[in-house]
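Residue indices begin at 1 and follow the sequence shown.
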Amino acid sequence: MRGISRGVVLAGFGVLAVTAGLWGLTRRATQTGDLAPLSSRPKPVSVVTAKASSWRGTREYVGAVEPWVEARIGPQLMSAYVSTVLVRPGAEVKRGDVLATLDCRSVAAGSQAVEMQARALQARQHATASEAMRLNWMLDGGFASQNEVEQKLAQDAEQQAQLLAAKARLEATTLETQDCILRAPFDGEIARRDLDPGAFVRPGVAVLTLIDRSTVRLVADVPESDFELVRPGTAVRVELLANAERLQSAITRRAPAADLATRTIHVELDVADTQRRLPVGTTARLFVDIGEPAPAVEVPLSAATVRGTKATLVTVSGDVAHPLEAKLLGERAGVLFLDGVEPGARVVTQGRGQVREGDRVAAAEDRFLSPRHATAAAGGLP
């Protein structure tokens, strides 16, 4: 009994000690702590200042830079081994310069044989024509018959036909012989060297590729719905990815029909490049402005939730938050262009999800790049 009573007493003292400790902590908190609810405290947020600007719609297309003229140079009539290739990529050539030669010894021999046959036929035809003339004189004196004269004239006509056929064969072999010497068809630069000496080449196979880029063509295929936006003469801003060059140009020509497979319209821009600075076969970005500039306000993309053409954001007046809906005009390089927000308004960027209408906030200014700096940082055109 004594042991049980002692345990009860110790348990009672323990309960009293815990109760006293809790009462002390509660009293201390009541005297020194802030009893205001957390919901009434200002909520920390980051804000930026909305900037007055203007918005103009832009279409962006991806195109390519192509040479004004391009020729794949190779034999057109015969097959042979490549004997020499005299130029390499980057070489500048003039019209008529010899670029490569083929091994055409058999063709040359055949051409010489045809030439000899033509000479022999010409000699026989000349002799036959003279004999026919003499028989015609003898016919007048009664020393030759009409039949002999007609036979000789027919023989002369046959030999004339054979001579013309031989000359035609000679012309064909001459063309084949000329086909063995590959010449530049225009002034330009060598873009590719496809074959080296010793390779076997057939008609239609290119040994070299020659380009003329004194004028380049910027080509692009645009959606058929933009047909009216790409009329000839429309101003275009161009950015070349190969050398980061930016230039202004205009659409030179537009295809009158869409591609049946891709449903796109082909457009071309002619750009003079007398110094040959623009590499062909590279990528170009084309920008076409739409309509007229409209007043707008700029805010960063992180300051709003966008659904369709509506943007939901939170503004701060004093230290009170006010949700707001605005019309989205467009977006470029991480910047939203809105209608329905006053210029100079303080817009919440971080902490939007935790504030409601009328909530008190503790706003910290955030950094917001200007449109020009934002566009430059994104690598776009100014």
Side-chain angles (χ1 to χ4, degrees), residues 64-126 157-217 219 242 266 268 270 273-283:
V65 185
E66 295 185 357
W68 181 250
V69 182
E70 178 177 358
R72 293 174 56 83
I73 301 173
Q76 303 300 315
L77 302 174
M78 57 170 298
S79 300
Y81 286 97
V82 178
S83 180
T84 61
V85 181
L86 306 178
V87 291
R88 290 192 175 275
E92 296 184 6
V93 299
K94 299 293 184 180
R95 179 177 181 179
D97 287 353
V98 177
L99 306 180
T101 60
L102 307 181
D103 185 1
C104 296
R105 288 173 293 181
S106 61
V107 177
S111 177
Q112 187 175 6
V114 173
E115 183 180 1
M116 295 299 103
Q117 291 176 2
R119 287 183 181 180
L121 286 172
Q122 185 174 11
R124 286 200 297 269
Q125 188 272 331
H126 181 71
E158 179 184 2
Q159 290 180 350
Q160 285 184 357
Q162 292 177 354
L163 177 61
L164 292 176
K167 288 183 177 181
R169 291 196 301 271
L170 178 60
E171 185 69 22
T173 56
T174 302
L175 290 176
E176 291 180 353
T177 303
Q178 294 175 353
D179 199 34
C180 296
I181 301 176
L182 305 182
R183 300 179 181 271
F186 51 82
D187 297 349
E189 301 166 278
I190 301 300
R192 288 189 299 274
R193 173 170 165 162
D194 300 310
L195 296 177
D196 290 324
F200 189 77
V201 64
R202 295 178 176 83
V205 176
V207 177
L208 298 161
T209 300
L210 178 66
I211 61 172
D212 175 13
R213 57 185 181 124
S214 57
T215 299
V216 298
R217 296 179 299 120
V219 300
H266 184 77
E268 294 186 357
D270 293 345
D273 184 23
T274 55
Q275 298 181 355
R276 299 175 180 174
R277 296 175 295 103
L278 307 181
V280 299
T282 56
T283 304

* Is the shortest heavy-atom distance from the side chain of Val85 to the side chain of Val207 under 4.5 Å? -> yes
* **Spacing of Thr101 atom OG1 and Arg183 atom CZ [to the nearest 0.5 Å]** => 10.5 Å
* For the residue pair Ala71 and Pro185, what are the closest heavy atoms and their distance? -> CB-CG, 4.2 Å
* Roughly how far, to the nearest 0.5 Å, is the CD1 atom of Ile73 from the CZ atom of Arg193? -> 13.0 Å
* Flag the pair Glu70 and Arg217 as a salt bridge only when some basic side-chain nitrogen lies within less than 4.0 angstrom of an acidic carboxylate oxygen. => no
* Considering all heavy atoms of both residues, which atom of Lys94 and which atom of Ala184 are nearest to each other, and what is their separation? -> O-CB, 3.3 Å
* Structure fact -> When rounded to the nearest 0.5 Å, the distance separating CD1 of Ile190 from CG of Leu208 is 5.0 Å
* **Crowding at CZ, Phe200 (>12 non-hydrogen neighbours, <6.0 Å)** => yes
* To do: For Asp273 and Leu278, indicate whether the former's side chain and the latter's backbone hold a donor-acceptor pair under 3.5 Å.
  => yes
* Asked: Within a strict 4.5 Å, meaning less than it, do heavy atoms of the Asp194 and Thr209 side chains meet?
  -> yes
* Give a yes or no on whether the backbone of Gly90 and the side-chain of Glu92 come within a donor-acceptor separation of less than 3.5 Å. => no
* Asked: Would you say the side chain of Val87 lies within less than 4.5 Å of the side chain of Asp97, judging by non-hydrogen atoms?
  -> no
* Work out which heavy atom in Thr84 is nearest to a heavy atom in Pro197; give both atom names and the distance. => CA-CG, 4.1 Å
* Asked: Rounded to the nearest 0.5 Å, how far does CD1 of Ile181 lie from CG of Leu99?
  -> 11.5 Å
* Asked: Between Thr215 and Trp68, what is the shortest heavy-atom contact and its length?
  -> O-CB, 2.9 Å
* **Cys180 side chain reached by Pro75 side chain, heavy atoms, under 4.5 Å** => no
* To do: Evaluate the side-chain contact (heavy atoms from CB on, under 4.5 Å) criterion for residues Glu66 and Val280: first the C-alpha distance (whole Å), next the side-chain angles of each, then the deciding distance (0.1 Å), finally the verdict.
  => CA-CA 5 Å; Glu66 295 185 357; Val280 299; 5.7 Å; no
* Asked: Atom CZ of Arg72 and atom CG of Leu210: how far apart are they, to the nearest 0.5 Å?
  -> 12.5 Å
* How close do Ala80 and Asp103 get, heavy atom to heavy atom, and via which atoms? -> CB-O, 3.6 Å
* Structure fact -> Value for CZ (Arg192) from CD1 (Ile211), rounded to nearest 0.5 Å, stands at 8.5 Å
* **Residues Val93, Asp187; criterion side-chain contact (heavy atoms from CB on, under 4.5 Å); working and verdict** => CA-CA 6 Å; Val93 299; Asp187 297 349; over 6 Å; no
* Short side-chain to backbone donor-acceptor contact, Asp196 and Gly198, under 3.5 Å -> no
* Over all atoms of both residues, closest heavy-atom pair of Val65 and Val216 -> CG1-CB, 4.0 Å
